[in-house]
Amino acid sequence: MGVILSSTERTGDARERLLARLLDAFDEALPAPEVSLREIAARTGTSHALLRYHFGSLPGVLAAMLKAQRSRDNEALFEAAQQGTFDDLVVAIWRTYTRPEQLSRVRGFFHVVGLAAYSPENFREFIDSLDDLTKILASLAEREGLDAKEALTTASVTIAAIRGLLLQEVLTPAVHSEDAVALILRMSKGQSVPRTHPGP
(Lines give C-alpha, C1' and ligand atoms only; values in the text may rest on other atoms or scores of the structure.)
Protein backbone atom coordinates (compact mmCIF):
# COMPACT_ATOMS: atom_id res chain seq x y z
CA MET A 1 0.00 0.00 0.00
CA GLY A 2 1.42 3.39 -1.00
CA VAL A 3 1.98 6.33 1.30
CA ILE A 4 -0.77 8.95 1.03
CA LEU A 5 0.61 12.47 1.06
CA SER A 6 -1.34 15.33 2.56
CA SER A 7 -2.17 18.31 0.38
CA THR A 8 0.43 20.34 2.30
CA GLU A 9 3.13 17.78 1.55
CA ARG A 10 2.16 17.64 -2.11
CA THR A 11 2.20 21.44 -2.32
CA GLY A 12 5.60 21.51 -0.62
CA ASP A 13 7.01 18.96 -3.07
CA ALA A 14 5.64 20.90 -6.04
CA ARG A 15 7.16 24.11 -4.68
CA GLU A 16 10.56 22.46 -4.27
CA ARG A 17 10.44 21.07 -7.81
CA LEU A 18 9.52 24.49 -9.17
CA LEU A 19 12.31 26.10 -7.15
CA ALA A 20 14.78 23.57 -8.57
CA ARG A 21 13.69 24.56 -12.09
CA LEU A 22 14.21 28.22 -11.27
CA LEU A 23 17.70 27.54 -9.95
CA ASP A 24 18.58 25.46 -13.01
CA ALA A 25 17.30 28.18 -15.36
CA PHE A 26 19.25 31.00 -13.73
CA ASP A 27 22.25 29.04 -12.42
CA GLU A 28 24.17 31.35 -10.02
CA ALA A 29 22.34 34.46 -11.20
CA LEU A 30 19.09 35.97 -10.00
CA PRO A 31 16.28 37.53 -12.04
CA ALA A 32 16.38 41.32 -12.01
CA PRO A 33 13.57 43.00 -10.01
CA GLU A 34 12.21 44.61 -13.19
CA VAL A 35 11.68 41.22 -14.85
CA SER A 36 8.06 40.06 -14.78
CA LEU A 37 6.77 36.76 -13.44
CA ARG A 38 5.62 35.95 -16.98
CA GLU A 39 9.18 36.37 -18.29
CA ILE A 40 10.54 34.17 -15.50
CA ALA A 41 7.84 31.59 -16.19
CA ALA A 42 8.71 31.54 -19.89
CA ARG A 43 12.40 31.00 -19.11
CA THR A 44 11.66 28.13 -16.71
CA GLY A 45 8.95 26.52 -18.84
CA THR A 46 6.15 27.00 -16.34
CA SER A 47 3.28 29.46 -15.83
CA HIS A 48 3.23 32.74 -13.96
CA ALA A 49 0.10 31.49 -12.16
CA LEU A 50 2.09 28.61 -10.65
CA LEU A 51 4.87 30.97 -9.61
CA ARG A 52 2.35 33.25 -7.96
CA TYR A 53 0.63 30.31 -6.25
CA HIS A 54 3.83 28.92 -4.72
CA PHE A 55 5.81 32.11 -4.09
CA GLY A 56 3.20 34.84 -3.93
CA SER A 57 5.04 37.49 -5.92
CA LEU A 58 8.27 38.31 -7.72
CA PRO A 59 9.96 39.26 -4.42
CA GLY A 60 8.80 35.89 -3.08
CA VAL A 61 10.51 34.16 -6.00
CA LEU A 62 13.70 36.15 -5.41
CA ALA A 63 13.71 35.42 -1.68
CA ALA A 64 13.22 31.68 -2.21
CA MET A 65 15.95 31.53 -4.83
CA LEU A 66 18.36 33.54 -2.68
CA LYS A 67 17.75 31.31 0.32
CA ALA A 68 18.43 28.18 -1.74
CA GLN A 69 21.50 29.64 -3.46
CA ARG A 70 22.97 30.86 -0.19
CA SER A 71 22.33 27.46 1.39
CA ARG A 72 24.24 25.82 -1.46
CA ASP A 73 27.12 28.30 -1.06
CA ASN A 74 27.18 27.75 2.68
CA GLU A 75 27.64 24.01 2.27
CA ALA A 76 30.87 24.65 0.37
CA LEU A 77 31.95 27.34 2.85
CA PHE A 78 31.16 25.05 5.77
CA GLU A 79 33.34 22.32 4.27
CA ALA A 80 36.17 24.83 3.96
CA ALA A 81 35.61 25.93 7.55
CA GLN A 82 36.27 22.44 8.86
CA GLN A 83 39.90 22.70 7.80
CA GLY A 84 40.49 26.45 8.15
CA THR A 85 40.43 29.28 10.65
CA PHE A 86 38.00 32.12 11.37
CA ASP A 87 40.12 34.40 9.17
CA ASP A 88 40.22 31.85 6.35
CA LEU A 89 36.43 31.62 6.29
CA VAL A 90 35.96 35.40 6.29
CA VAL A 91 38.25 35.71 3.27
CA ALA A 92 36.46 32.79 1.57
CA ILE A 93 33.07 34.48 2.11
CA TRP A 94 34.38 37.73 0.63
CA ARG A 95 35.87 35.99 -2.40
CA THR A 96 32.69 33.99 -2.95
CA TYR A 97 30.43 37.02 -3.08
CA THR A 98 32.73 39.35 -5.01
CA ARG A 99 33.03 37.07 -8.03
CA PRO A 100 31.60 38.86 -11.11
CA GLU A 101 28.97 36.16 -11.66
CA GLN A 102 27.61 36.86 -8.18
CA LEU A 103 26.75 40.51 -8.88
CA SER A 104 23.09 39.93 -9.74
CA ARG A 105 22.66 37.88 -6.57
CA VAL A 106 24.34 40.46 -4.36
CA ARG A 107 22.12 43.18 -5.83
CA GLY A 108 19.09 40.92 -5.40
CA PHE A 109 20.06 40.24 -1.79
CA PHE A 110 19.98 43.91 -0.87
CA HIS A 111 16.76 44.41 -2.84
CA VAL A 112 15.01 41.65 -0.89
CA VAL A 113 16.52 42.79 2.43
CA GLY A 114 15.11 46.27 1.78
CA LEU A 115 11.66 44.86 1.13
CA ALA A 116 11.91 42.63 4.20
CA ALA A 117 12.73 45.66 6.34
CA TYR A 118 9.29 47.06 5.50
CA SER A 119 7.33 43.78 5.56
CA PRO A 120 9.23 41.24 7.69
CA GLU A 121 6.12 39.09 8.05
CA ASN A 122 6.23 38.41 4.29
CA PHE A 123 9.88 37.33 4.33
CA ARG A 124 10.14 35.37 7.58
CA GLU A 125 11.80 32.29 6.07
CA PHE A 126 14.37 34.44 4.29
CA ILE A 127 15.07 36.53 7.40
CA ASP A 128 15.49 33.41 9.53
CA SER A 129 18.13 32.13 7.11
CA LEU A 130 20.35 35.21 7.45
CA ASP A 131 22.14 33.98 10.58
CA ASP A 132 23.57 30.87 8.91
CA LEU A 133 27.04 32.25 8.19
CA THR A 134 27.12 33.99 11.56
CA LYS A 135 26.60 30.64 13.30
CA ILE A 136 29.39 28.99 11.31
CA LEU A 137 31.79 31.86 12.09
CA ALA A 138 30.80 31.84 15.75
CA SER A 139 31.59 28.13 16.01
CA LEU A 140 35.06 28.80 14.57
CA ALA A 141 35.61 31.69 16.97
CA GLU A 142 34.72 29.41 19.87
CA ARG A 143 37.07 26.76 18.54
CA GLU A 144 39.81 29.40 18.59
CA GLY A 145 39.24 30.26 22.24
CA LEU A 146 36.44 32.81 22.59
CA ASP A 147 33.55 32.15 24.94
CA ALA A 148 30.14 31.60 23.34
CA LYS A 149 28.83 35.13 23.84
CA GLU A 150 31.99 36.85 22.60
CA ALA A 151 32.21 34.45 19.65
CA LEU A 152 28.66 35.24 18.56
CA THR A 153 29.21 39.00 18.90
CA THR A 154 32.45 38.82 16.92
CA ALA A 155 30.80 36.77 14.18
CA SER A 156 27.74 39.04 14.01
CA VAL A 157 29.83 42.21 13.68
CA THR A 158 32.08 40.59 11.09
CA ILE A 159 29.16 39.49 8.89
CA ALA A 160 27.55 42.93 9.23
CA ALA A 161 30.81 44.56 8.12
CA ILE A 162 31.14 42.22 5.12
CA ARG A 163 27.58 42.99 4.05
CA GLY A 164 28.29 46.70 4.39
CA LEU A 165 31.34 46.36 2.14
CA LEU A 166 29.33 44.36 -0.39
CA LEU A 167 26.69 47.09 -0.46
CA GLN A 168 29.43 49.64 -1.08
CA GLU A 169 30.72 47.49 -3.95
CA VAL A 170 27.22 47.50 -5.48
CA LEU A 171 26.66 51.24 -5.08
CA THR A 172 30.17 52.41 -5.98
CA PRO A 173 31.88 49.62 -7.94
CA ALA A 174 35.61 49.52 -7.43
CA VAL A 175 38.45 47.09 -7.70
CA HIS A 176 37.80 44.32 -5.19
CA SER A 177 40.28 44.72 -2.37
CA GLU A 178 40.88 42.41 0.53
CA ASP A 179 42.55 45.23 2.47
CA ALA A 180 39.18 46.18 3.94
CA VAL A 181 38.55 42.56 4.88
CA ALA A 182 41.94 42.43 6.61
CA LEU A 183 40.92 45.53 8.58
CA ILE A 184 37.65 43.86 9.60
CA LEU A 185 39.63 40.90 10.88
CA ARG A 186 41.99 43.11 12.89
CA MET A 187 39.05 44.98 14.38
CA SER A 188 37.23 41.76 15.24
CA LYS A 189 40.25 40.74 17.28
CA GLY A 190 40.35 44.08 19.07
CA GLN A 191 43.42 45.38 17.28
CA SER A 192 43.71 49.08 16.40
CA VAL A 193 40.21 49.83 17.64
CA PRO A 194 39.83 53.30 19.22
CA ARG A 195 38.72 53.42 22.83
CA THR A 196 35.13 54.42 23.45
CA HIS A 197 35.72 55.35 27.08
CA PRO A 198 38.56 56.84 29.09
CA GLY A 199 40.76 54.59 31.10
CA PRO A 200 44.32 53.36 31.56
Side-chain angles (χ1 to χ4, degrees), residues 23 28-30 62-117 120-121 123-200:
L23 295 171
E28 289 198 52
L30 200 69
L62 299 180
M65 290 181 68
L66 274 168
K67 181 177 180 293
Q69 289 167 331
R70 291 177 64 254
S71 177
R72 189 169 56 192
D73 290 343
N74 290 347
E75 287 181 16
L77 289 168
F78 181 74
E79 287 300 317
Q82 300 308 299
Q83 305 302 321
T85 65
F86 182 97
D87 290 11
D88 292 335
L89 182 55
V90 170
V91 172
I93 292 168
W94 178 253
R95 289 177 176 171
T96 294
Y97 290 108
T98 52
R99 288 184 288 127
E101 59 269 30
Q102 289 276 17
L103 181 58
S104 71
R105 277 178 53 192
V106 173
R107 285 175 172 159
F109 174 82
F110 289 112
H111 175 71
V112 173
V113 165
L115 295 173
E121 67 281 359
F123 296 90
R124 183 51 52 196
E125 188 177 349
F126 173 75
I127 292 170
D128 290 344
S129 75
L130 296 180
D131 288 337
D132 42 17
L133 284 176
T134 302
K135 291 174 182 175
I136 297 173
L137 274 176
S139 68
L140 284 177
E142 280 194 73
R143 192 169 77 187
E144 293 176 13
L146 297 185
D147 63 44
K149 183 177 179 180
E150 189 176 5
L152 182 57
T153 299
T154 300
S156 298
V157 171
T158 301
I159 290 296
I162 290 173
R163 287 175 176 158
L165 286 175
L166 287 173
L167 180 58
Q168 185 177 33
E169 290 284 342
V170 169
L171 297 176
T172 54
V175 176
H176 298 312
S177 171
E178 291 183 4
D179 292 343
V181 177
L183 177 59
I184 290 172
L185 291 173
R186 289 203 305 274
M187 292 174 66
S188 72
K189 292 175 169 53
Q191 300 170 7
S192 303
V193 179
R195 290 182 180 274
T196 56
H197 57 82

pair L130-F123: side-chain heavy atoms closer than 4.5 Å: no

Residue pair A155 / L137: nearest heavy atoms and the distance that separates them: CB-CB, 3.7 Å

Note, W94 side chain near I184 side chain (heavy atom, < 4.5 Å): no

Reference residue I93; test side-chain contact (heavy atoms from CB on, under 4.5 Å); the match among L133, T98, T158, D73: L133

Point-to-point distance, once rounded to the nearest 0.5 Å, from CZ of R70 to CG of L77: 10.5 Å

All salt bridge (Lys or Arg N to Asp or Glu O under 4.0 Å) counterparts of E125, not counting sequence neighbours: K67

Greater than 12 external heavy atoms within 6.0 Å of R107's CZ: no

Heavy-atom check, side chain of V181 versus side chain of I162, under 4.5 Å: no

Side-chain H-bond candidate by donor/acceptor type, S71 with N74, under 3.5 Å: no

Gap separating the CG atom of D132 from the OG1 atom of T134, nearest 0.5 angstrom: 7.5 Å

Heavy-atom check, side chain of T154 versus side chain of E144, under 4.5 Å: no

Side chain to side chain, R143 and F86, heavy atoms closer than 4.5 Å: no

Test item: L62 and F126 side chains (from C-beta on) under 4.5 Å apart, heavy atoms: no

Salt bridge (Lys or Arg N to Asp or Glu O under 4.0 Å) partners of R72, counting only residues at least two apart: none

Main-chain N/O of A29 paired to Q69 side chain as donor or acceptor, under 3.5 Å: yes

Greater than 12 external heavy atoms within 6.0 Å of Q83's CD: no

F110/L166 under side-chain contact (heavy atoms from CB on, under 4.5 Å): CA gap, chis, key distance, verdict: CA-CA 9 Å; F110 289 112; L166 287 173; 4.1 Å; yes

CD-CG distance between Q102 and L30, expressed to the nearest 0.5 angstrom: 10.0 Å

Side chain proximity check, L103 to E169, heavy atoms < 4.5 angstrom: no

Which pairs would a plain distance check flag for residues 146-153, meaning a side-chain donor or acceptor within less than 3.5 Å of a matching protein atom at least two apart in sequence or in another chain?
unit_1 : atom_1 : unit_2 : atom_2 : d
D147   : OD1    : K149   : N      : 3.2
D147   : OD1    : E150   : N      : 2.7
T153   : OG1    : K149   : O      : 3.1

Heavy-atom check, side chain of K135 versus side chain of F78, under 4.5 Å: no

